[in-house]
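Heads up, the thing below is written out as structure tokens.
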Amino acid sequence: MSAAEAGGVFHRARGRTLDAFSSEKEREWKGPFYFIQGADPQFGLMKAWATGDCDNGGDEWEQEIRLAEQAVQAINKLNPKPKFFVLCGDLVHAMPGIKAVFSGHYHRNAGGTYRNLDMVVSSAIGCQLGTDTHGLRVVVVTAEKIIHRYYSLDELSEKGIEDDLMDLLKEN
């Protein structure tokens with residue numbers, strides 16, 4: 001199965017909402033609950049691993065899609081249902097070379113570089129613990145570089161993304 005075909009399989013879930021999270025009853029503690037955490041579906045790795053070429057060969061996703069569907073089916077059979085399902089780790093098998101790591105949780109902008117790896121920490125949408133404004137980081141990825149810029153919520157909603165970043169998106 002190709003990547004394009006796989007995208008169609010998971011497209012069916014788009015647009016669904018979970019009313020329970022938006023309701024008033026979810027704003028207060030109601031007792032214990034559980035959630036499910038899954039990791040590393042890494043579409044393409046199983047073929048790459050089987051062929052012994054982990055730098056290439058990530059073009060077939062059939063096994064991983066079957067396993068991901070099995071995971072969803074298993075979760076859907078649970079009673080009671082989990083509060084939510086979070087998927088983390090490697091979603092696809094690709095080795096483009098990591099140039100930057102983006103994170104939050106510090107509630108202020110920060111970062112640094114170590115051995116050509118940028119660590120970029122974005123401030124919070126919510127509570128600020130420093131002098132940064134409530135905002136979001138826009139990250140543009142091109143074949144040659146990763147460019148990022150932090151915008152206040154007001155700035156982003158009033159002015160949008162700056163022209164120089166938009167121009168990078170048009171290069172292809």
Side-chain angles (χ1 to χ4, degrees), residues 1-22 33-106 109-125 136-151 156 161 164-172:
M1 180 178 291
S2 72
E5 292 167 324
V9 171
F10 294 102
H11 179 74
R12 293 181 292 228
R14 278 197 176 155
R16 294 185 185 172
T17 60
L18 182 59
D19 294 333
F21 279 109
S22 61
F33 66 92
Y34 77 101
F35 66 91
I36 303 288
Q37 185 254 340
D40 296 312
Q42 204 154 345
F43 296 120
L45 178 61
M46 292 179 85
K47 180 196 176 198
W49 188 267
T51 62
D53 185 3
C54 286
D55 291 332
N56 298 298
D59 59 340
E60 291 180 19
W61 296 10
E62 187 175 334
Q63 290 177 289
E64 291 93 341
I65 288 172
R66 194 168 47 250
L67 290 167
E69 289 174 339
Q70 182 180 353
V72 170
Q73 290 167 2
I75 293 167
N76 283 337
K77 288 181 181 178
L78 295 172
N79 188 14
K81 299 279 187 231
K83 193 62 92 171
F84 58 89
F85 172 60
V86 62
L87 184 62
C88 59
D90 298 314
L91 301 181
V92 297
H93 181 64
M95 300 294 186
I98 298 172
K99 297 178 181 175
V101 175
F102 293 85
S103 72
H105 204 64
Y106 189 51
N109 287 309
T113 302
Y114 177 73
R115 293 189 180 178
N116 296 320
L117 178 66
D118 289 334
M119 179 71 219
V120 181
V121 182
S122 294
S123 195
I125 292 171
L136 300 165
R137 184 170 305 278
V138 174
V139 182
V140 176
V141 180
T142 70
E144 297 81 31
K145 55 189 169 182
I146 298 173
I147 303 91
H148 56 89
R149 196 164 297 147
Y150 188 82
Y151 289 90
L156 193 58
I161 298 171
D164 64 324
L165 294 180
M166 293 303 290
D167 289 343
L168 291 169
L169 297 173
K170 297 174 188 173
E171 286 182 8
N172 294 332

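- Note that the CD atom of Glu62 and the CG atom of Leu67 stand 11.0 Å from one another [nearest 0.5 Å].
- Residue Phe35 places its CZ atom among 12 or fewer non-hydrogen atoms of other residues, nucleotides or ligands, all under 6.0 Å distant.
- Interatomic distance, CD1 of Ile147 versus CG of Leu168, reported as 5.0 Å (0.5 Å rounding).
- Atom OG1 of Thr51 sits about 12.5 Å away from atom CE of Met46, to the nearest 0.5 Å.
- Taking every heavy atom of both residues into account, Ile75 and Pro82 meet most closely at CG2-CG, 3.8 Å.
- For the pair Arg137 and Val121, the tightest heavy-atom approach, listed with the atom from each and the gap, is NH2-O, 3.5 Å.
- Lys170 has its side chain within reach of Asp167: a pair of non-hydrogen atoms, C-beta onward, lies under 4.5 Å apart.
- Contact of the Leu78 side chain with the Ile36 side chain is registered, since non-hydrogen atoms from C-beta on lie closer than 4.5 Å.
- Using a 30° and 60° split on the angle between ring planes, Phe43 and Trp61 fall in the parallel class, below 30°.
- Within 6.0 Å of OH on Tyr151 lie more than 12 heavy atoms contributed by other residues, nucleotides or ligands.
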With side chain to side chain contact (heavy atoms under 4.5 Å, CB included) as the test, would you mind laying out the steps for Lys145 and Thr142 before giving the verdict? CA-CA 5 Å; Lys145 55 189 169 182; Thr142 70; 3.5 Å; yes
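- Across every non-hydrogen atom of Ile146 and Ala100, the tightest pair is CD1-CB, 4.2 Å.
- Here the CD-CZ distance, from Gln70 to Arg66, works out to 9.0 Å after rounding to the nearest 0.5 Å.
- The number of heavy atoms from other shown groups lying within 6.0 Å of CG (Asn116) does not exceed 12.
- When each of Ile161, Asp164, Leu136 is checked for a side chain to side chain contact (heavy atoms under 4.5 Å, CB included) with Arg149, only Asp164 meets the rule.
- Of all non-hydrogen atoms in Leu45 and Glu64, the two that sit nearest each other are N-OE2, 3.0 Å.
- Side-chain N or O atoms of Asn109 include one that pairs as donor or acceptor with a backbone N or O of Ser123 at under 3.5 Å.
- Looking at every heavy atom in both residues, Lys99 comes nearest to Ala143 through NZ-O, 4.2 Å.
- Annotation for Phe33 and Lys83: closest pair CD1-CB, 3.6 Å, computed over non-hydrogen atoms.
- Residues meeting the side-chain hydrogen bond (donor to acceptor under 3.5 Å, both in side chains) test with Asn76, sequence neighbours left out: none.
- Between the CD atom of Glu60 and the CD1 atom of Ile65 there is a distance of 11.0 Å, given to the nearest 0.5 Å.
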